[in-house]
Every structure is written in C-alpha cells, then in structure tokens.
Amino acid sequence: GDSVTQMEGPVTLSEEAFLTINCTYTATGYPSLFWYVQYPGEGLQLLLKATKADDKGSNKGFEATYRKETTSFHLEKGSVQVSDSAVYFCALSDGGSYIPTFGRGTSLIVHP
Amino acid sequence: GAVVSQHPSRVICKSGTSVKIECRSLDFQATTMFWYRQFPKQSLMLMATSNEGSKATYEQGVEKDKFLINHASLTLSTLTVTSAHPEDSSFYICSAPDGGKQETGELFFGEGSRLTVL
C-alpha cells in the first residue's frame, strides 16, 4: 500500500537558517503530493501541493518539488522565522482514493 | 479557500460521560468527512470516514460503539465519544475534501478539539 516517510524531528534551527525536511513516498499510481502545517493547538492547513512529476509547489517561502525518479517531495525554505515553528506533515493522495496517506509529522523549532 | 469548523475546541469531562464534537463545512458541501485522532508526538490516526446519509466507515481497531459518528447533513458531521475514559483523552481533528477539489486529494481541516477525560 501507499506510505509516506518523513525525517524524524524535532528539527531545531536558528532564525534565518536554511530548512530541509525530507519526505519520500511509495505509491502504486501517480499520486498528488502535499505538505500540511500544524501550528500549536490548531488543526492542519495546506501549505503547498504538487499534482504531477517535476511540479514545484510553493507558498510562504516554502518550496517542494515532486521528484518521481527519487520518489521524494522534500520541503525547503531558504530563511526560517520563529513563526515557522510548527509540525509539518507530508502526505500523498493516490488517484483511486482521495483519502490521503500522511507521514508521522516533523516538528520544527526555530529559535531567535 | 474552503473552511471547516469544529466545536468545541476544548472539553473536559468526567469519566463515564459522553462528549459530542461537531464538525461543520462552512462554505461548501461535504458528502464525506474524515475524523482523525492525534496522539502525542504528532502522528495522525484516521479513525473513520463519515458519509452523509449512510453509515460511517471505521478503520480497523476503532470501536464503532465507542466513537459514534453521524453525518446528518451535507455540512455537519458529529463524533460522540461514549462512556469516555482517561485513555480517550486526545486531540480529535475532522477534515473534508472540497467537492470541487475531491480528485486532487486536498483536505480542509477543522481547528481540532482537545478532549480531556478526568
């Protein structure tokens, strides 16, 4: 079945540092890929998405590129802020069922 | 974008009582809603799929008699935790696919409900 593997956290960075959160997936079809973000005490919200190979999703300075050859969708940001501290979930949705498969989440802590 | 709202955001109850959590889609119709439970250290567990006008589909290992789900209309699904015990304390989150974007797999999430059972 489908699965998503994220790097374990927490990831701790200083403000303005470069961020990478790794995500790899296995899927039988051609899934859509997502990054969701969860701020403390809140539900999840969509951060960015990509629906086909080589697509780049971007939002709020975050980017991720759908790499079919490496089955990856790594999240990057060039300069993190304290306000980016949150839990980040990588997810996929295979065309046959729109119920997404989530990774376990990666906590990001950004210090001033 | 589409908005999903949950209520209450926090609830504390005594052991043995029942608690109802509501999930509403505010600006779109949701024939399907999903209920998740979030455990410590973040991981999300899909509990059940709520279907408007029919019975919910529960994931393996989730007690359907304990976690009652009702999808009464195209904009409302409820989760009732019956005879709650301290081990049911958790963060419960609902979500729904916006009908127009259903094929992409994108979900819209409620704010979550923190249940504490004393």
Side-chain angles (χ1 to χ4, degrees), chain A residues 1-11 21 23 25 27 29-52 55 57 59-60 66 73 85-109, chain B residues 1-10 21-26 30-51 56-60 90-116:
Chain A
D2 297 345
S3 67
V4 175
T5 303
Q6 290 182 236
M7 59 189 293
E8 287 199 22
V11 173
I21 300 178
C23 171
Y25 67 90
Y30 299 93
S32 294
L33 301 174
F34 308 86
W35 277 101
Y36 286 87
V37 59
Q38 183 181 29
Y39 297 103
E42 299 182 8
L44 282 70
Q45 55 185 277
L46 181 68
L47 180 61
L48 54 83
K49 65 182 180 183
T51 57
K52 60 183 188 295
D55 270 1
N59 185 25
K60 299 181 181 179
Y66 189 139
F73 193 54
S85 298
V87 179
Y88 293 82
F89 290 89
C90 185
L92 71 81
S93 177
D94 212 333
S97 165
Y98 55 82
I99 302 177
T101 299
F102 284 87
R104 293 181 61 83
T106 303
S107 174
L108 170 65
I109 301 169
Chain B
V3 179
V4 175
S5 180
Q6 268 182 256
H7 178 82
S9 57
R10 292 178 183 273
I21 300 170
E22 293 186 345
C23 179
R24 295 181 184 273
S25 57
L26 298 186
T31 55
T32 300
M33 289 184 175
F34 303 109
W35 286 95
Y36 290 87
R37 180 174 178 177
Q38 188 168 31
F39 292 94
K41 297 195 177 181
Q42 301 121 218
S43 65
L44 290 170
M45 181 190 81
L46 177 64
M47 299 175 66
T49 302
S50 169
N51 303 298
T57 303
Y58 289 82
E59 296 299 304
Q60 191 173 8
S90 196
F91 195 58
Y92 294 89
I93 313 175
C94 71
S95 68
D98 182 359
K101 300 186 178 77
Q102 184 170 301
E103 67 279 5
T104 70
E106 180 179 345
L107 293 181
F108 299 92
F109 285 82
E111 307 93 328
S113 299
R114 172 71 63 189
L115 170 63
T116 302

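Values reported hereafter were calculated over all heavy atoms of this structure, with side chains retained and with hydrogens, waters and symmetry mates removed. A, B, ... follow the sequence lines: proteins, then strands. Residue 1 opens every chain.
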Which atom of Phe91(B) lies closest to which atom of Glu111(B), heavy atoms considered: CZ-O, 3.4 Å
Part of Gln38(B) within contact of chain A (heavy atom distance under 4.5 Å): side chain
Portion of Leu46(A) that has a non-hydrogen atom of chain B nearer than 4.5 angstrom: side chain
Option from Trp35(B), Phe108(B), Tyr36(B), Phe109(B) for which side-chain contact (heavy atoms from CB on, under 4.5 Å) with Cys94(B) holds: Trp35(B)
Tyr36(A) (side chain) donor-acceptor with Leu107(B) (main chain) under 3.5 angstrom: yes
Which atoms of Ser113(B) approach chain A - backbone, side chain, both or neither, heavy atom under 4.5 Å: neither
Flag, side chain of Glu22(B) to backbone of His7(B), donor-acceptor distance under 3.5 Å: no
Ser107(A), part contacting chain B, at a heavy-atom distance under 4.5 Å: both
